[in-house]
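Every chain is numbered from 1 and lettered A, B, ... according to where its sequence line falls, protein lines coming before strand lines.
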Amino acid sequence: MVSRPKGLGRRLPRSFYARKTVSVARELLGKVLVYDGPAGRRAARIVEVEAYLGARDPASHAYRGPTPRTAPMFGPPGRSYVYFVYGMYHCLNVVTESDGVAGAVLLRGAEPLAGFEGFSPRALAGPGKLARAFGLTTKHTNLDLVRSALSIRNARPVPSPRVVRSVRVGLNDHATTNKPWRLYVRGSFGVSRP
DNA sequence: AACACGATCTACT
DNA sequence: GTAGATCGTGTTG
């Protein structure tokens, strides 16, 4: 009989993030994003992610080297990287790889678990919607997920037959547009576009 | 100083 | 399917 924790699992340790970005992306599926913010505790199950690498990934913000905005992507693993796009949305990433090596996983979709009373069930289906529902902005970039009010908790892994790998969304004409670095849980209502 | 554009979303034809 | 919203960022002059 496998234990089934009723409450939150333990925070993922730094070592979880200090690995290859695609591996971290795969294992983030099913884990629980938690933010203890002004509105209280909010928690959601991660069901859609995308991996963004560094120098070998033209679609990545880190492709042309660090800038003030993208500095967290080059920093230590296990921190947040939040950026602002299209003049109205924010997107939350989890920094991967070792300190000095760029890599991040974009959180694109989640299923609300707690603290989202009054929200639509699909309020977290999409990266801009997810960050907005959690109340995250660029002020929350470079937070340490191992120590701060923002964290990711352990939970049961999503079995491979339930995981879909596809090309990433929203990219233009990059060379890596065809890489299958978007992963999501098959059939989940928290996925932005199945 | 000026410009082009973006890891999005919603509304509408 | 396409258009528009709306502004920080990086680049160019």
B:dC5 and C:dA3, which share atom name P, separated by this distance in whole Å
16 Å
So which heavy atom on A:T96 is nearest to which on A:P77, and how close?
C-CB, 4.1 Å
State which residue, out of A:T70, A:L143, A:N142, A:V105, fulfils the side-chain contact (heavy atoms from CB on, under 4.5 Å) condition with A:Y81.
A:T70
Between the protein and nucleotides 6-10 of chain C, are there any N/O to N/O pairs under 3.5 Å, and if so, what are the atom names and distances?
from: C:dT6; atom 1: O2; to: A:Y86; atom 2: O; distance (Å): 2.5
from: C:dG10; atom 1: OP1; to: A:T67; atom 2: OG1; distance (Å): 2.1

Is the ring centre of A:Y83 under 5.5 Å from the base ring centre of B:dA7, and are the two planes under 30° apart, so that they stack?
no
A:R186 and A:S188: side-chain hydrogen bond (donor to acceptor under 3.5 Å, both in side chains), yes or no, with the steps?
CA-CA 6 Å; A:R186 189 191 309 277; A:S188 169; over 6 Å; no
What pair of heavy atoms forms the shortest contact from A:D99 to A:G75, and how long is it?
OD1-C, 3.4 Å
Do you know the tightest heavy-atom contact between A:A51 and A:D57?
O-OD2, 4.3 Å
Might you work through the side-chain hydrogen bond (donor to acceptor under 3.5 Å, both in side chains) test for A:S192 and A:E48, ending with a clear yes or no?
CA-CA 8 Å; A:S192 61; A:E48 181 185 357; 2.9 Å; yes
Say whether, by atom type as modelled, one donor and one acceptor occur between the side chain of A:R182 and the main chain of A:V164 under 3.5 angstrom.
no
Under a 4.0 Å heavy-atom cutoff, the residues of residues 95-109 of chain A touching DNA chain B are A:L106, A:R108
For A:R64 and B:dA7, what is the distance between atoms CZ and P respectively, to the nearest whole Å?
12 Å
Non-hydrogen atoms of A:V158 and A:R45 that approach each other most closely:
CG2-NH2, 3.7 Å
Indicate yes or no: does A:E50 engage A:R108 in a salt bridge with an N to O separation below 4.0 Å.
yes
Protein-nucleotide distance (A:Y52, atom OH; B:dG6, atom C1'), rounded to Å:
11 Å
Could you tell me whether the phosphate oxygens of B:dG6, OP1 or OP2, come under 4.0 Å of any side-chain nitrogen or oxygen in A:N172?
yes
Does A:R14, at its CZ atom, have more than 12 non-hydrogen atoms belonging to other residues, nucleotides or ligands within less than 6.0 Å?
yes
What pairs of residues pass the ring-ring contact (aromatic ring centres under 6.0 Å, His included) test when at least one of them lies in residues 86-114 of chain A, not counting sequence neighbours?
A:F84-A:H90
Just how far, in rounded Å, is C1' of C:dG4 from OH of A:Y89?
11 Å
For DNA chain C, which residues in residues 117-134 of chain A have a heavy atom at a distance below 4.0 Å?
none
Here the pair of heavy atoms bringing A:K20 nearest to A:E97 is CA-OE2, 3.4 Å
Stem list for DNA chain C, please, built from Watson-Crick and G-U wobble pairs under 3.5 Å and keeping only runs of at least 3.
B:1-6 with C:7-12, B:8-12 with C:1-5
Find the distance between CG (A:L113) and CG (A:L124) and round it off to the nearest 0.5 Å.
9.0 Å
Distance check needed: B:dT8 C1' versus A:E50 CD, whole Å only.
12 Å
Measure from CZ on A:R168 to P on B:dT8 and round the result to the nearest Å.
11 Å
Which heavy atom in A:Y17 sits nearest to a heavy atom in A:L12, and how many Å separate them?
OH-CB, 3.7 Å
Could you state the NE2-P distance from A:H61 to B:dC5, rounded to the nearest angstrom?
15 Å
Show me the protein contacts with nucleotides 11-13 of chain B, counting only N or O atoms at under 3.5 Å.
none

Would A:L136 and A:Y35 satisfy side-chain contact (heavy atoms from CB on, under 4.5 Å), going step by step from the backbone distance to the final call?
CA-CA 9 Å; A:L136 299 172; A:Y35 178 50; 4.0 Å; yes
Given the rule in the side-chain contact (heavy atoms from CB on, under 4.5 Å) test, do A:C91 and A:V85 qualify, once you have shown the distances and angles that lead to the verdict?
CA-CA 8 Å; A:C91 294; A:V85 275; 4.1 Å; yes
